[in-house]
Amino acid sequence: MKKYDHKKIEKKWQEEWEKQEIYKTSDDLTKKKFYTLVEFPYPSGTGVHVGHAKGHNAVDVYARYKRMNGYNVLIPMGFDAFGLPAENFAIKNKKHPSEFTQENINNFIKQIKKFGCSFDWSRTIDTTDPKYYKWTQWIFLKLFEMGLAYEKEAPINWCPSCKTGLANEEVINGKCERCDSNVEQRNMKQWFLKITEYAERLIKDLDDVNWPEYIKTSQKNWIGKSEGVEIEFNVSAEALAKAEKITVFTTRLDTIFGCTYVVLAPENKIIDNLKSSITNISEVEKYIEIAKNKKDLERTDLNKDKSGVKLEGIFAINPFNNEKLEIWVADYVLGSYGTGAVMAVPAHDERDMEFAKKYNLKSKIVISKKTGSIDSNYFELSEDEKLLSEMSAGNYDGRVCNSGKEFNGLTSEQARRIMLEKAEKEGFGKRKINYKFRDWLFSRQRYWGEPIPIVHCEKCGNVPVPENELPLLLPEVENYEPTGTGDSPLAAIDSWVNTTCPKCGCGAKRETNTMPQWAGSSWYFLRYIDPKNDKALASQEKLKHFMPVDIYFGGAEHTTVHLLYSRFWNKVLYDAGVVSVSEPYKRRVQHGLIAGEDGRKMSKRWGNVINPDDVIEQYGADTMRTYIMFMGPYSEGGIWSTTAINGVNRFINRVWLLQDKEISSDDDDKETITLLHKTIKKVGEDIENVSYHTALAQLMILLNHISSKEKISKNLFKTYLQLLAPFAPHITEEIWNNINPNNQSIHISTWPKYNEELIQEEDINFVVSINGKMRDIIKINKDKTQDDILEALQIKVDSVGNVDVHHTKLISYLEGQNIKKIIFVKNKMINFVI
RNA sequence: GCUGACGUGGUGGAAUUGGUAGACACGCUGGUCUAAGAAGCCAGUGGAGUAAAAUCUGUGCGAGUUCGAGUCUCGCCGUCAGCACCA
């Protein structure tokens, strides 16, 4: 047999498959569908990297397996092409970003095609194509119409280097996700999407999807649901024009009798209302000014010393016991969460404790571990430091004490319920749910994004661009550079900005901000279903048929960004009656990063980047695909190894050499048949579980076995090729055609079935152990009883445990011993306890 | 700090319900082929021990449950990921 020439053969089949259109998804809605998806790439100038190869090949293995199982598989590929690199390139080279984008897309297609994946290229999408973003804009109008898109002046995250606003999801540890610059706060009028309105459903519907638990937990943490109570404290002061109240949010109403002061965030507006009564107002204002000037990072640094100022001359009244409480302003309380005010209970909260210690404030224990018998009054914090630090740390539930007859002795949980009832009845408190995450900041001050289809009219306010005027095209602009003033480059094009109001016809101005990069990817999975439709984002019928995505492959970096945003958009479209499922992705599989050979993240800087093109050139796509899938569990990362890929290349070449075997018309021997059926079962199950590395290990075991045979049956050979076909599509197709000339492609052949009866081996390895230690293994027919085994071992045990043994290996262990017990597990083992 | 996951040879990693630990592969060692090398192919490969066996020991550390623990329970130690003053 000639050496396997991967260059020639892979090219030949890639062309042949494209010609025959064997991977084209049928629009026949009577066929059972299977929708496999992988995140679409951003077409960067540097081309594809091994991360793409990992995700694309993984989805392809799954798709090929499902296709061979008779499904009409949808496996599309497209490009998420709006974004800063193209824009930065445009700024530098004074060229339109679309030129650069198009070049990169073409290059990506060329490179990805070399992987040999079964993507249906006729469905390719590009988020920057006006025919595509027409529908991105259409969805925005839906959001606007439904009251889910609104404009508001608010402090937002601003990246000084990218010169644009950012969503909270794009800020990592106070830094811009893209460029790592420190993010600043700016007060700006911006567009927001009301994702918080969907918070509850975004949490609850996670119960219905097959996702790894850690992603669900991450999303839940990000949303940060917190159930608690808002309580109003009256403010008492000498000279107050009108009655004022401070509302606090707490999840620990059961500790309210332990409240010894109230803290306001520096941003809390109520301070203005109380101004006239605060005797040290200048000191307070000075503190607020300092706090405002602090960067977010400084304020949220846990290690920093807590600071604050007492508001002299005024008090808050605890509505439960009418105690007069000091009021403080301190920047450890966030203005953006809850009510911007908290009740401080130093004995049961670590942060309050730290603050109280610093300023020598009082504390009181109101939750006891035991029965509520602690009966102390206020005491100095220094008195029992150990006890206090124990109680304040974490969520300390126990029994209520020091809280009045009405409540003492209740469990924390009971107290929360009964106290809330009282608060509601007397009108100073109500149940409240807060979420950590914020509405999605949706406007960007950059050029290369979808224009927001809104017109600002002095008379009519914000008016949507009529649907029939979509797409609202990105205008040509002389300068792509962001202005940095908070205006996008679009604002400089007077002819575009000045327009007429679609409602009243008066002169009006266009919105000049663009959408963030996340917009196009928030719904792309819907467009693949019907990519050429110009009447709707996709036809209702097709959406109903193909949604949801059955399995979605991608990277771990999208856990709380893309995955959350796209779930939100899908739900909005579900509510709008556009899509028929409320969760877009039934199953999610995430993979870890492949690191360079030196163990570091692949980067030009380290010179450790592996380029898929080079790997394919050297070994072929089949070897690359198989190697990446064999590296280890798919969800884990891994370290690239040029020696390990050699091993896989050997495996592929040994498959090629199977053609040297004589093909026999006889059946294979029993052992081979058993192993074959075991392999069919395991490979199928492992692919379903995305445990590709163990499927391949099994295929290697079978190959090792048949390599030792002189002859193999045609059926065995064909089946083997089919099992390997999802991983190594080219070489299997070539051999398949060599042994079955003019047959249809292996990739649309029917996946082999296994016979459960043939898997059962007649002879099994039966373990004999003494006191749990393995001492011998005997080969014996299956389904033997304990007596059969004893007989086979030539062992007799009488009723009092005396043993008569002739089995040579066991004599030294059992002779003269008294058997206390025999444990027998059918078809597995027997254990003598002596 | 909190939450979650995980600790198995020189390396990547296997191991239904607790029942032969280390499958498969890399690497390494020896052999074969070769003028030589590369690539193949054959054999070996957790550690200790032996001429070879036998045997002992072994899944981060320490205890426990069990006839039997990589797997279950508790306590440490370590690694990774997410969150990070959210009251």
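Just so it is clear: chains get the letters A, B, ... in the order the sequence lines come, proteins before strands, and each one is counted from 1. For clarity, every value in this text was computed on a predicted model and none was experimentally measured.
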Do Ile645(A) and Ile628(A) come close enough that some side-chain heavy atom pair is under 4.5 Å?
no
Return the value, rounded to whole Å, for the distance between atom CG of Leu699(A) and atom P of rA23(B).
18 Å
Rounded to whole angstrom units, what separation is found between the OH atom of Tyr214(A) and the C1' atom of rG82(B)?
10 Å
Within the 4.0 Å heavy-atom criterion, would you say Asn704(A) contacts the bases, only the backbone, or no part of the nucleic acid?
sugar-phosphate
Pick the C1' atom in rG46(B) and in rG58(B), then give their distance to the nearest Å.
8 Å
May I have the distance from Glu636(A) (atom CD) to rG12(B) (atom C1'), rounded to whole angstrom?
11 Å
Rounded P spacing from rA14(B) to rG7(B) in Å
9 Å
Around atom CZ of Arg431(A), are there more than 12 heavy atoms of other residues, nucleotides or ligands at under 6.0 Å?
no
In residues 336-343 of chain A, what residues come within less than 4.0 Å of RNA chain B, judged by heavy atoms?
Tyr337(A), Val342(A)
Arg650(A) NZ/CZ over Trp656(A) ring centroid, <6.0 Å and within 45° of normal:
no
CG of Asp660(A) versus P of rC41(B): gap in Å, rounded?
13 Å
side-chain N/O Arg650(A) vs rG40(B) OP1/OP2, d < 4.0 Å
yes
Please confirm whether the ring centroid of Phe320(A) lies under 6.0 Å from the ring centroid of Phe428(A).
yes
Could you state the interatomic distance from CD1 (Ile830(A)) to CD1 (Ile823(A)), rounded to the nearest 0.5 Å?
9.5 Å
Could you give the distance from CG (Asn827(A)) to CG (Asn781(A)), rounded to the nearest 0.5 Å?
10.0 Å
Please list, in numerical order, the residues of residues 622-631 of chain A that have a heavy atom closer than 4.0 Å to any atom of RNA chain B.
Phe630(A), Met631(A)
Shorter than 3.5 Å, N or O on both sides, protein versus nucleotides 16-22 of chain B: list them out with atom names.
| unit_1 | atom_1 | unit_2 | atom_2 | d |
| --- | --- | --- | --- | --- |
| rU17(B) | O4 | Lys828(A) | NZ | 2.2 |
| rU20(B) | O4 | Asn765(A) | ND2 | 3.2 |

note: Ile822(A), atom CD1; rG68(B), atom P; distance rounded to Å ~ 16 Å
With sequence neighbours excluded, tell me which residues meet side chain to side chain donor-acceptor pair (under 3.5 Å) with Ser769(A).
Asn831(A)
Can you check the Leu696(A) CG to rA14(B) P distance for me, whole Å?
13 Å
Apply ring pair (Phe, Tyr, Trp, His ring centres under 6.0 Å) to residues Trp440(A) and Tyr198(A) and explain how you reach the verdict.
CA-CA 12 Å; Trp440(A) 176 5; Tyr198(A) 282 70; over 10 Å; no
Whole-Å P distance, rG18(B) and rA69(B):
13 Å
Comparing Asn771(A) with Ser641(A), nearest RNA chain B nucleotide closer to 5' gives the residue Ser641(A)
Aromatic ring proximity, centroids under 6.0 angstrom, Tyr634(A) and His591(A):
yes
Using atom C1' in both nucleotides, what's the gap between rC83(B) and rG75(B) to the nearest angstrom?
26 Å
I'd like the P distance from rU8(B) over to rC61(B), given in whole Å.
10 Å
If the plane angle is over 60° it's perpendicular, under 30° parallel, otherwise tilted; pick one for Phe355(A) and Tyr359(A).
tilted
Protein and nucleotides 56-59 of chain B: nitrogen or oxygen contacts under 3.5 angstrom:
| unit_1 | atom_1 | unit_2 | atom_2 | d |
| --- | --- | --- | --- | --- |
| rU57(B) | OP2 | Lys773(A) | NZ | 3.2 |

Quick one: are the ring centres of Tyr692(A) and Phe727(A) less than 6.0 Å apart?
yes
Of all heavy-atom pairs linking Asp439(A) and Ile195(A), the shortest is OD1-N, 3.2 Å
Rounded to whole angstrom, note down the P distance from rG22(B) over to rG1(B).
40 Å
Does Thr250(A) reach a base, just sugar-phosphate, or nothing at all? Heavy atoms under 4.0 Å.
sugar-phosphate
What is the distance from atom NZ of Lys269(A) to atom CD of Glu267(A), rounded to the nearest 0.5 Å?
9.0 Å
Based on Watson-Crick and G-U pairs with both distances under 3.5 Å, what dot-bracket line describes RNA chain B 5' to 3', crossing pairs as [ ] and inter-strand pairs as |?
(((((((..(((......[....)))((((((.......))))))(((......)))..(((((..]....))))))))))))....
Derivation of the side chain to side chain contact (heavy atoms under 4.5 Å, CB included) call for Glu227(A) and Thr251(A):
CA-CA 6 Å; Glu227(A) 288 177 81; Thr251(A) 57; over 6 Å; no
Taking rA84(B), rC24(B), rA87(B) as options, the one with an atom nearest any side-chain atom of Asp349(A) is rA87(B)
Looking at rA14(B), I'd like to know if its phosphate oxygens (OP1 or OP2) sit under 4.0 Å from a side-chain N or O belonging to His693(A).
yes
Side-chain N or O of Asn646(A) less than 4.0 angstrom from OP1 or OP2 on rG27(B)?
no
Once you measure the plane-to-plane angle for Tyr435(A) and Phe437(A), does it fall in the parallel (<30°), tilted (30-60°) or perpendicular (>60°) bin?
perpendicular
How many whole angstroms separate atom CZ of Phe651(A) from atom C1' of rA39(B)?
19 Å
Over 60° means perpendicular and under 30° means parallel, so tell me whether Tyr261(A) and Trp328(A) are parallel, tilted or perpendicular.
perpendicular
rG10(B) and rA81(B): how far apart are their P atoms, nearest whole angstrom?
25 Å
Picking from rA14(B), rA25(B), rA23(B), which would you name as closest to the side chain of Ile701(A)?
rA23(B)
Main-chain N/O of Ala53(A) paired to Asn57(A) side chain as donor or acceptor, under 3.5 Å:
yes
Go through the N and O atoms of the side chain of Lys436(A) and the base of rC83(B), and report whether any donor-acceptor pair is under 3.5 Å.
no
Between rC2(B) atom P and Lys220(A) atom NZ, what is the distance in whole Å?
22 Å
With syn defined as a glycosidic angle within 90° of 0 and anti as the rest, where does rG18(B) land?
anti
Expressed in whole Å, how much space separates the P atoms belonging to rU57(B) and rA21(B)?
13 Å
Tell me, with the steps shown, if Trp211(A) and Leu206(A) meet side chain to side chain contact (heavy atoms under 4.5 Å, CB included).
CA-CA 8 Å; Trp211(A) 287 20; Leu206(A) 286 171; 4.2 Å; yes
Contacts of Ala697(A) and Lys682(A) projected onto RNA chain B by closest heavy atom; the upstream (5') one is Lys682(A)
Atom pair CE/CG of Met602(A) and Asp598(A) - distance to nearest 0.5 Å
9.0 Å
